[in-house]
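Values reported hereafter were calculated over all heavy atoms of this structure, with side chains retained and with hydrogens, waters and symmetry mates removed. What you see is a predicted model; the values in this text were computed from it and never measured.
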Amino acid sequence: MSETEPAPYIPQIRLYQDWLREHRGLSFQTYQELWRWSTTDLDGFWQSIWDYFGMQSPTPHSAVLADNVMPGAVWFPGAKANYAQQVFRHVLPAQAAGLPAIISRNEKGRHRELGWPELRRQVASLALHLQGQGVQPGDRVAAYLPNIAEAMVAFLATVSLGGVWSICAPDMGTNAVLDRFRQIEPKVLIACDGVTYGGRDIDRMAVVHELRQALPTVQHLILHNNLGSADEFQAAIDSIASCARFDWTTARNDAETADFEPLWLPFDHPLWIVYSSGTTGLPKPIVHGHGGTVLVALALKSLHNDVGCSYQANSRGERFHWYSSTGWVMWNAQLSGLLNGTTCVIYDGNPGGTRDKPDWSTLWRFAADTGVTFFGAGAAFYANCMKAGVDLSTCGDLSAIRALGTTGSPLSPEAQMWGTEQFRRIAALHPTINRASSALPGESAVRAAAGVEADIWWCNISGGTDFCGAFIGGNRELPQQPGVMQCRLLGCAVEAWNEAGLPVLGEVGELVCSQPIPSMPLYFWGDENNARYLASYFEMYPAGHGRKPGGGLPVPPRSPSAGGSLVPEGAASVLERPGDRNLGPEAGGVWRHGDWLRVGTKEQGASDDGNQGCVIFGRSDATINRHGLRMGTSELYSAIEALPEVLDSLVVDLEYLGRESYMPLFVVLKSGVLLDGAMKAKLGNAVRTALSPRFVPDDIFHVAEIPRTLSGKKQELPIKKLLLGQPLEKVVNRDAMANPGCLDWYVAFAATRLAQQPA
């Protein structure tokens, strides 16, 4: 190898396994062995993640998993953490390498790069301003901001003080935002004057005023000028009491900002509140902690997504992009690239162009311009690109991209094969790359070392807002199969369970996780006795059923000869635990996620050997999943049934195994009201205004009755299963219904729809 030729790229998960062998004496022949160790020796695995990523704490922890119970697992007691502390560790080395922290662009072409020292300065300035407004640890700071650098700055400033962050996207209407923020009673609101989407400027000042009036706990408003009308913006500032301009709050540059340090907080101090909707009630305000979120994000981003640190030689110039709105948990995932010293590349706008001029090459051209190395988006994005006939070879130089990420809904084999073929053509156009250029700031060492791969690597993941992580995802070293995710993730004891509550291979079952993960919720905000938390994830199976030992062990003594690392436990004894023994009811229940999952194939049968790919078939409950954004049906009903013409309604989402999401709405109207074009428009506008344009139904049907149980509950899941092709007698018990006669209409509707669908 010549002096100018860089070393071959080493996948991040291989670097971790090399470290395990050197520092723990652990060696695994297959990924399945590694996974089994990680889910049975929870103390050993999560301590290895702490050490491998160099997690820091001014105080030691007395255990890794002090109490193996779900919910309520106690992780790393005694340790302290802060998300912003982990980010700021990278300021000096990344600056020395000449690499930016954030690269951003919007629809209008406004391009900005934010360096690591400037990121730190702005965060410190805003944090000191918030502190001056009385923000203390535990106070909530709510944001109504799009996917821009200012949102990341505001988040880091908030959490650096121990404030609890929560954000909603500006495409959400007043009611949807208030359903979330009213529950958490924020002290400060950070908002924007509007957004640009699909070629239109959308003023949101009316919503901001409504939020300000409806949130009495808000003592201070910070407003960001996102649309650029300076005079109108200043007039808005002057008209609102206790209001400051965002650019002023981040402008401070003095000795106090230079000396600012984020607070060290307890490992489980609340970090943020995110929202996941079920089929009843208000959105669930889910609270995650600093330490657990950081730990899980580092493991996911590095080991499974293969996103490296931008200033390290092996992955120099890494640029991580995952298109998202701030209303989707993938915004949190994009943000987490900063934890590992990775340049985050973000886009604010419509990835499909405008209504008049659709253009699904927008994000690809953005990625080419900015040198993105990891390109992620929702599965629906790739399907839209395929349907639009996008030719990636005409979108600029995309040869730096070495990985494609997807999530949100199952990726169809056809969409994956389309993307693979597109990148084969790109590889043919770029057979070699000037390796010497890899020394330049911003140039990918991965690209220079490995050239363009003939078959692009797909990192297909599936997880959730609920625990701000992934259960299933990618492994750079495992084989790929279109439409199949490569593996269950390290530390995630995920299984598919049949109706008897037993794990199965090669069959579709309920996705459960039988061991705790550090990023699982601390609690739901305002949830007395954890009632909603338990009902959401832990009530389907009896406490203790399927729960195994594997954690809650004391931290082994340190070995000076091993450089302070843990004394390794024998790999053989680790792999033998836990056997078939269950824990008792005191261990709590398993986490039931609400997805249909298949682990392995029918050919593998009951064999537990080999690397088992996974397929998610869609939601096993009635929650709406529109391109990765989940919304409770109750929120849509609130918007629809507020109209005087509507007596009752039912909505189902028929997204399943990569099929395009199809969401019909069934309405019962007052006598004499017709479901004409005007009425359909009124219904659609009600959803668009109260929730978001993303949740406007695909079709609306006038029905005589909504099927309900004897207790009055809407029969969402049975109707969903019926429309997906399951026979009526298997999905509903007529004797348990209040109005079984109405089912005939839905059976006929399902038959007509299914006859029109391709096999």
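Taking the six-membered ring where the residue is Trp, the centroids of Trp75 and Phe267 are separated by 6.0 Å or more. Ring-centre distance between Tyr537 and His593: not below the 6.0 Å cut-off. Here Trp46 and Phe76 keep their ring centres 6.0 angstrom or further from each other. With ring centers used as reference points, Trp331 lies 6.0 Å or more from Tyr323.
With no hydrogens or angles considered, no side-chain donor-acceptor pair links Asn460 and Gln486 at under 3.5 Å. Between the side chains of Glu318 and Thr342, not a single donor N or O lies within less than 3.5 Å of an accepting N or O. Between the side chains of Trp272 and Thr293, no donor-acceptor pair is found at a separation under 3.5 Å. Under 3.5 Å, the side chains of Trp364 and Gln422 contain no donor-acceptor pair of N or O atoms.
By the salt bridge (charged side-chain N to carboxylate O under 4.0 Å, His left out) test, Glu477 pairs with Arg14, sequence neighbours left out. Listed by chain and number, the residues in a ring pair (Phe, Tyr, Trp, His ring centres under 6.0 Å) with Trp322 are Phe374 (sequence neighbours excluded). Not counting sequence neighbours, the partners of Val164 by the side chain to side chain contact (heavy atoms under 4.5 Å, CB included) test are Arg140, Pro270, Ile273. With sequence neighbours left out, Tyr347 forms a ring pair (Phe, Tyr, Trp, His ring centres under 6.0 Å) with Phe366.
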Exercise for review: Take Trp458 and Tyr382 through the ring-ring contact (aromatic ring centres under 6.0 Å, His included) test and state the conclusion after the steps.
Suggested key: CA-CA 12 Å; Trp458 287 86; Tyr382 296 99; 5.2 Å; yes
Working note: Arg105 + Thr370, criterion side-chain contact (heavy atoms from CB on, under 4.5 Å); need CA distance, chi angles, decisive distance, verdict. CA-CA 10 Å; Arg105 187 178 296 177; Thr370 54; 4.2 Å; yes
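Note: Asn147 CG to Cys344 SG = 10.0 Å, rounded to the nearest 0.5 Å. Distance OG/Ser462 to CG/Leu489: 9.5 Å, rounded to 0.5 Å.
The minimum heavy-atom distance linking Ala149 with Ile102 is given by the pair CB-CG2, 4.2 Å.
Side-chain contact between Cys487 and Ile472 is absent, with no heavy atoms from C-beta onward closer than 4.5 Å. Side-chain atoms of Leu145 and Ile167, non-hydrogen and from C-beta on, do get closer than 4.5 Å to each other. Using a 4.5 Å heavy-atom threshold, the side chains of Ile13 and Tyr31 count as touching.
Salt bridge Arg120/Glu261: present, at least one basic N to carboxylate O contact under 4.0 Å. The pair Glu33-Arg36 does not count as a salt bridge, with every side-chain nitrogen at least 4.0 angstrom from each carboxylate oxygen.
Counting only distance, with no hydrogens or angles, the side chain of Arg488 and the backbone of Val494 share a donor-acceptor pair below 3.5 Å.
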Show which side-chain atoms of residues 297-307 pair as donor or acceptor with protein atoms under 3.5 Å away, not counting sequence neighbours.
from	atom 1	to	atom 2	distance (Å)
Lys301	NZ	Ala333	O	3.3
Lys301	NZ	Ser336	OG	3.0
His304	ND1	Gly474	O	2.9
His304	NE2	Leu490	N	3.1
Asp306	OD1	Tyr9	OH	2.9
Asp306	OD1	Gln12	N	2.8
Asp306	OD2	Tyr9	OH	2.8
Asp306	OD2	Arg402	NH1	2.9
Asp306	OD2	Arg476	NE	3.1

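Residue pairs satisfying the side-chain hydrogen bond (donor to acceptor under 3.5 Å, both in side chains) criterion with at least one member in residues 79-102, sequence neighbours excluded, are listed as follows: Gln86-Arg89, His90-Tyr311.
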